[in-house]
Amino acid sequence: MRREILYVLVLFLSAILLLNCSKSSPESTEQANYVDEMDDRTRIRFRQYMIQGKKLYELHCANCHQSDGTGLAKLIPPLAKADYLMDSLMRTVCVIKNGLDSTIVVNGVEFSQPMPAHTDLRNLEIAEIITYITNSWGNEAGITSTREVEIYESECL
């Protein structure tokens, strides 16, 4: 009898865990349209990049750009729905890798706070970060590959 009760309890807890894990977040709902159009292999890689990209973003970027991508007033530019970010992935690669010392305009607002270089990041890590930031907070760009990062990085001035 105890064994049956334990078995039922384990099944019940497993069902609750599975239901909670399968709930989609607002971010994943926004992404549903173009993610559904990806082939299985790309969809799996996209989700892996999003998970790892979020971890890397939190480690290297969120302190300034904030965890929700809103930036910091007029000091640090937003990444959420940011025209500057979405206009050129090549420029984004270059900024992440080499930093930025010039004034930029994001969504009509000037920002002149320097951004440090992240020369320690590998191309895969940059691809994961870019995939995360260009598919979060209202941005939609699909997956950025390591090959794209390699090509863009070679074109940085």
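Count residues from 1 along the sequence. All of these numbers come straight from a predicted model, not from anything done at the bench.
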Item checked: side chain to side chain contact (heavy atoms under 4.5 Å, CB included) assessment of D120 paired with H60 -> CA-CA 11 Å; D120 57 321; H60 296 283; 3.9 Å; yes
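At a cut-off of 3.5 Å, with distance as the only test, no side-chain donor of E128 or T131 sits close to an acceptor on the other residue.
The minimum heavy-atom distance linking P78 with A82 is given by the pair O-CB, 3.3 Å. S136 and M50 get closest at one heavy-atom pair: OG-CE, 3.8 Å. Closest non-hydrogen pair, E125 versus L121, comes out as OE1-CA, 3.4 Å. Across all non-hydrogen atoms, the minimal contact from A141 to N135 is N-OD1, 3.1 Å. Pairing each heavy atom of R91 with each of D87, the nearest pair is NH2-CB, 3.6 Å. Listed here is the closest heavy atom pair of L75 and Q113: O-CB, 3.1 Å.
No donor-acceptor distance shorter than 3.5 angstrom exists from the side chain of T70 to the backbone of Q66, with no hydrogens or angles considered. K97 contributes a side-chain N or O that, together with a main-chain N or O of T119, makes up a donor-acceptor pair within less than 3.5 Å. Put simply, the side chain of N139 never gets that close to the backbone of M86: no donor and acceptor are under 3.5 Å apart. Of the possible polar contacts, one joining the N107 side chain to the D83 backbone as a donor-acceptor pair under 3.5 Å is found.
Y84 is listed as a side-chain neighbour of V95, based on a closest heavy-atom distance under 4.5 Å. Taking 4.5 Å as the limit, some side-chain heavy atom of I104 sits within range of a side-chain heavy atom of P77.
Ion pairing between K55 and E58 fails under the 4.0 Å rule for side-chain N and carboxylate O.
With rounding to the nearest 0.5 angstrom, the SG atom of C61 is 6.0 Å from the CE atom of M115. Note that CD1 of I151 is 7.0 Å distant from OG of S145, once rounded to the nearest 0.5 Å. Once rounded to the nearest 0.5 Å, the distance linking CG of L85 with CD1 of I130 reads 8.0 Å. A distance of 5.0 Å separates OG1 of T144 from CG of L89, quoted to the nearest 0.5 Å. A distance of 10.5 Å separates CD of E153 from CD1 of I96, quoted to the nearest 0.5 Å. Separation of atoms CZ (F111) and NZ (K74) is listed at 8.0 Å; rounding is to 0.5 Å.
In this structure, W137 and Y57 have tilted ring planes: the angle between them lies in the 30° to 60° band.
More than 12 heavy atoms of other residues, nucleotides or ligands shown are found within 6.0 angstrom of CD on E155.
There is no path of hydrophobic side-chain contacts, each under 4.5 Å, that joins L100 to I76.
Relative to the six-membered ring of Y49, R47 misses at least one condition, a distance below 6.0 Å or an angle of at most 45° to the axis.
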